[in-house]
Amino acid sequence: MKNLLTLIFILFIFVVTNAQEINKVITGTDSEKEMLIGLCNRQGFEHPAFKSWFDKEYQDYIPDDLTIKELRKRKKDVQITVVLGTWCSDTRRNLPRFFKVLDAIKFDQNNLKLYAVDRKKSAGEVNISGLGISLIPTFIISKNESEIGRIVENPTLSIEKDMLLILMTGD
């Protein structure tokens with residue numbers, strides 16, 4: 001019994017010390033407004049500093065229905081990683097549109113990772129150096145854990161059409 005309690009205590013300490021804070025909001029340098037940093041999820045955009053631009057762009061965007069139907073057929077085994085900056089105008093435009101598309105295709109949010117960065121493209125305590133980020137936002141689309149394409153900064157056609165083209169080349 002004593003060994004079991006010791007094991008449980010060690011596991012508890014391990015989990016607590018390795019847990020990363022989600023949706024951490026910091027104030028930038030030089031009197032910048034608040035920004036998300038590190039690992040985040042959709043709920044982070046409910047923060048008052050981000051909610052108004054997120055909600056407006058989400059509501060205003062109307063994805064292409066035919067493309068959405070095709071994306072629904074191709075979403076199996078897809079994982080998406082997004083590196084974003086809440087201070088970035090391209091993120092403020094494209095991230096809500098991206099979520100509108102994900103909602104329309106009923107994308108499994110468990111297959112989505114979001115990393116918020118500061119202006120130096122640092123995600124705080126989260127190391128994203130292996131992702132090869134040069135511009136943000138960057139939407140990295142993978143299938144069966146292998147990257148098949150990216151949307152960098154702005155889509156060529158639209159979020160949904162670019163995603164479909166990437167998924168078609170990944171088949």
Side-chain angles (χ1 to χ4, degrees), residues 19-25 35-117 121 123-171:
Q20 294 177 349
E21 186 177 351
I22 296 177
N23 298 325
K24 182 177 181 180
V25 177
M35 66 179 83
L36 279 171
I37 193 80
L39 186 63
C40 58
N41 61 25
R42 188 173 185 163
Q43 287 71 37
F45 302 98
E46 294 294 317
H47 185 281
F50 320 122
K51 185 173 177 47
S52 62
W53 59 258
F54 186 93
D55 288 353
K56 179 177 180 352
E57 193 65 48
Y58 182 94
Q59 293 302 323
D60 290 349
Y61 189 64
I62 301 170
D64 177 70
D65 286 336
L66 292 175
T67 306
I68 293 299
K69 286 178 186 174
E70 283 301 311
L71 280 172
R72 281 187 191 132
K73 298 175 190 176
R74 297 175 184 272
K75 67 182 180 179
K76 187 177 184 225
D77 301 320
V78 172
Q79 304 83 38
I80 303 173
T81 301
V82 182
V83 180
L84 62 105
T86 54
W87 47 267
C88 169
S89 61
D90 294 326
T91 293
R92 289 179 177 210
R93 178 180 48 259
N94 293 318
L95 187 70
R97 293 175 179 190
F98 167 77
F99 271 108
K100 185 92 170 232
V101 170
L102 292 189
D103 290 348
I105 67 171
K106 297 176 177 49
F107 188 79
D108 183 354
Q109 301 288 306
N110 292 318
N111 294 322
L112 175 65
K113 292 180 187 171
L114 300 171
Y115 299 105
V117 298
K121 298 184 187 69
E125 297 174 4
V126 180
N127 183 357
I128 60 165
S129 61
L131 296 178
I133 302 302
S134 58
L135 299 170
I136 56 170
T138 296
F139 302 86
I140 304 168
I141 301 171
S142 302
K143 193 156 190 171
N144 298 314
E145 307 295 329
S146 294
E147 181 177 333
I148 57 172
R150 293 179 177 215
I151 301 170
V152 179
E153 204 168 27
N154 288 298
T156 304
L157 302 171
S158 68
I159 293 285
E160 65 274 19
K161 288 179 180 177
D162 284 16
M163 284 176 66
L164 181 57
L165 288 172
I166 291 168
L167 291 174
M168 289 171 66
T169 61
D171 284 344

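Bear in mind that the values here come from a model prediction, so they are computed numbers and not experimental data. We count residues from 1, following the sequence as given.
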Checklist entry - Going from CG on Asp108 to NZ on Lys76, what distance comes out if it is rounded to the nearest 0.5 angstrom? => result 13.0 Å

Next on the checklist: For a quick test of reading the model, state the closest non-hydrogen atom pair linking Pro137 to Asn94 and the distance between them.
Outcome noted: CG-CB, 4.4 Å

Item to check | Candidate pair Phe139 and Asp162, rule side-chain contact (heavy atoms from CB on, under 4.5 Å), full reasoning | outcome: CA-CA 10 Å; Phe139 302 86; Asp162 284 16; over 6 Å; no

Checklist entry - Mind checking whether Phe50 and Trp53 have parallel, tilted or perpendicular rings, split at 30° and 60°? => result perpendicular

Next on the checklist: Any heavy-atom pair between the side chains of Tyr61 and Ser158 that's under 4.5 Å?
Outcome noted: yes

Checklist entry - Is Asp90 salt-bridged to Arg93, cutoff N-O under 4.0 Å? => result yes

Item to check | Non-hydrogen side-chain atoms of Leu39 and Tyr115 separated by less than 4.5 Å | outcome: yes

Checklist entry - Hey, what do you get for CD (Glu160) to CD (Glu70), rounding to the nearest 0.5 Å? => result 13.0 Å

Next on the checklist: Under the criterion side-chain contact (heavy atoms from CB on, under 4.5 Å), I'd like the reasoning laid out for His47 against Asn23: C-alpha separation, chi angles, the key distance, then a yes or no.
Outcome noted: CA-CA 9 Å; His47 185 281; Asn23 298 325; over 6 Å; no

Checklist entry - Which pair of non-hydrogen atoms, one from Leu36 and one from Thr86, has the smallest distance, and what is that distance? => result N-OG1, 3.2 Å

Next on the checklist: Can you give me the closest heavy-atom contact between Ile128 and Lys121, atom names plus distance?
Outcome noted: CD1-O, 3.9 Å

Item to check | Separation between CG of Leu84 and CD1 of Ile133, rounded to the nearest 0.5 Å | outcome: 10.0 Å

Checklist entry - Among Leu95, Thr91, Thr138, which residue meets the side-chain contact (heavy atoms from CB on, under 4.5 Å) test with Val82? => result Leu95

Item to check | With Lys143 via side-chain hydrogen bond (donor to acceptor under 3.5 Å, both in side chains) - residues at least two apart | outcome: Asp171

Checklist entry - At what distance, to the nearest 0.5 angstrom, does CZ of Phe99 lie from CG of Leu114? => result 4.5 Å

Next on the checklist: Show the nearest heavy-atom pair for residues Leu102 and Leu112, with the distance to one decimal.
Outcome noted: CD1-CD2, 3.9 Å

Checklist entry - Within a strict 4.5 Å, meaning less than it, do heavy atoms of the Leu157 and Leu165 side chains meet? => result yes

Next on the checklist: Quick check for you: to the nearest 0.5 Å, what is the distance between Lys106 atom NZ and Ile68 atom CD1?
Outcome noted: 10.0 Å

Checklist entry - So how far is it from Leu167 CG to Asp77 CG, rounded to the nearest 0.5 Å? => result 11.0 Å

Checklist outcome for this item: On a heavy-atom basis, the closest approach of Arg150 and Glu147 is NE-OE2, 2.7 Å

Next on the checklist: Could you tell me if the side chain of Ile80 sits less than 4.5 Å from the side chain of Met163, heavy atoms only?
Outcome noted: yes

Checklist entry - side-chain contact (heavy atoms from CB on, under 4.5 Å) between Val78 and Ile148: does it pass, once the steps are laid out? => result CA-CA 10 Å; Val78 172; Ile148 57 172; 5.9 Å; no

Next on the checklist: If you define the side chain from C-beta out and look only at heavy atoms, does anything of Val101 sit under 4.5 Å from Phe107?
Outcome noted: no

Item to check | Within 6.0 angstrom of Lys113 NZ, more than 12 heavy atoms from elsewhere | outcome: no

